[in-house]
Amino acid sequence: MLPIIQNQPPPNVIDLGLGDPPLSVLPLELIRNSAQRRLARADHPFLQYGAEQGDGHFLGALAAFLTQGYGFEARPESLFVTNGISKALDLICTLFTQAGDTIFVEEPTYFLALRIFADHHLNAVPIETDENGLDPASLQEKLAEYRPKFLYLIPTFQNPTGTTLPQERRDQLVQLAKEHNFLIVADEVYHLLSYSEPPPKAFAYYTETENILSLGSFSKILAPGLRLGWLQAHPNMIKRFTACGLLDSGGGLNPFTSAMICDVIESGGLASNINRLIEIYRLQLNFLNRALQQHLPQLRYRIPGGGYFIWLELPEHINSNELRQKARAFHVDFRPGTLFSSRKGLADKMRVCFIHYEEEEINEGLLRLKKCLLDAS
Ligand SMILES: Cc1ncc(COP(=O)(O)O)c(C=O)c1O
């Protein structure tokens, strides 16, 4: 039989590495109600090829939502509708790079972004990070050696480390991008999922300069199956996207879905869904934290302020790739650190996710991991 959804682990395996929201949190009723309201209306431009930048009404609703969510003004003319961040990254690579070009990525970074960059035959050069995210000194060092087309980073509640770049570093990076003439592609997918302190300003704040592209997505705040997101940038940069061949041929990237989601935003459903997710995920993070302390006190980690992930440091003699092989026999899985490294390092690290499973399964998964670690020691 063909699989129904992506990334399904075998039924007897608890995959603590899995970064997908569970079906139980995806808001069917909210989306059904909005879609029914919208489809009951007589006007149906969303069945036609759409405006390249995205439907004007939707862009207005999205701008109002982001103004509220980010805490500074977002203007519709600075927004461009995408099919989610993955597609936006692909399009950025198409429009701004050629095979063989150098780009900079955080070490570690979102492993599936590395796959997209590899599809474009780009040379991904790692920039060091610390507990505060990307290290500007490492960036400066690499700038003396390379001329990157862009720097890809996840500034807030990073995947996989959970770290957040402080405001001063954000200012510094923007300054460096201007001085050295490269783009910053800020993947802000987790920015609105904050469980304690509000994070520093999103990179969207800096889009009065043409060097900054800020990417957002409905995948983590509503549902990944929508394949809907946005890019926020200076209007001159937006024109680079709307003028491309893909849009010439196919029109705006997701007119039908954005029409349905426009109602979700305007009815207040998106804001309340985000609040609901924050409540659920905060409890799950606290639970995983307590369970880790109880079952696996030998692992070191920092508690993230938001997002999906905890980045664990294994005792020195344990290699996470070898541990993963062993873990199969214990019916537990996770993501080894090397997956997130552009130079195949970080074998002493592993990523676990706290939003996919409920408490009982998280607990059972950690007990299995504990047995596996005992066996490996
Ligand atoms: C950092 C990061 N960027 C992008 C994505 C994918 O976003 P989208 O579904 O909008 O393509 C994910 C999903 O896990 C992610 O963690």
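Counting from 1, the numbers follow the sequence of the chain as shown. Remember, it's 1-based here, ligands and their atoms both numbered in the order they're listed. The basis for the numbers below is simple: all heavy atoms, side chains too, and nothing from hydrogens, waters or symmetry mates.
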Per-atom filter on ligand 1: closer than 4.0 angstrom to a heavy atom of S217 are 8 (P), 10 (O)
Do the ring planes of F58 and F218 sit parallel (below 30°), tilted (30 to 60°) or perpendicular (above 60°)? tilted
Within 45° of the axis and under 6.0 Å from the centre of the six-membered ring of F309, does NZ or CZ of R351 qualify? yes
Distance under 4.0 Å to a non-hydrogen atom of Y190: what atoms of ligand 1 satisfy this? 1 (C), 14 (O), 15 (C), 16 (O)
Starting from atom 14 (O) of ligand 1, find the nearest protein heavy-atom neighbour and note its residue, name and distance. K220 NZ, 2.7 Å
If we ignore angles and hydrogens, is there a donor and acceptor under 3.5 Å between the side chains of N211 and Y206? no
Where do R324 and N321 land on the side-chain hydrogen bond (donor to acceptor under 3.5 Å, both in side chains) test, with the steps shown first? CA-CA 5 Å; R324 193 182 194 196; N321 288 310; over 6 Å; no
Decide whether the shortest distance between a heavy atom of F218 and an atom of ligand 1 is less than 4.0 Å. no
Sort out for me which residue in K349, R343, K344 forms a salt bridge (Lys or Arg N to Asp or Glu O under 4.0 Å) with E107. R343
Run down the list G84, S86, G19, A223 and name the one with the heavy atom closest to atom 11 (O) of ligand 1. S86
So, 4.0 Å and heavy atoms of R227: is ligand 1 close enough to count as a contact? yes
Checking a contact table here: which protein heavy atom is nearest atom 9 (O) of ligand 1, and how many Å away? S219 OG, 2.6 Å
Taking the six-membered ring for Trp, are F340 and W311 parallel (under 30°), tilted (30 to 60°) or perpendicular (over 60°)? perpendicular
With F150, the ring-ring contact (aromatic ring centres under 6.0 Å, His included) member among F96, F117, F104: F117
Going by heavy-atom distance to atom 3 (N) of ligand 1, choose the closest among L226, I154, D187. D187
Just heavy atoms, cut-off under 4.0 Å: does Y308 contact ligand 1 by side chain, backbone, both, or neither? neither
Using the ring of each side chain (for Trp, its six-membered ring), is H180 parallel, tilted or perpendicular to F182, with breaks at 30° and 60°? tilted
Atom 7 (O) of ligand 1: the protein heavy-atom neighbour that sits closest, reported with distance to 0.1 Å: I85 CB, 3.8 Å
May I ask you to list the atoms of ligand 1 that are less than 4.0 angstrom from any heavy atom of N159? 1 (C), 15 (C), 16 (O)
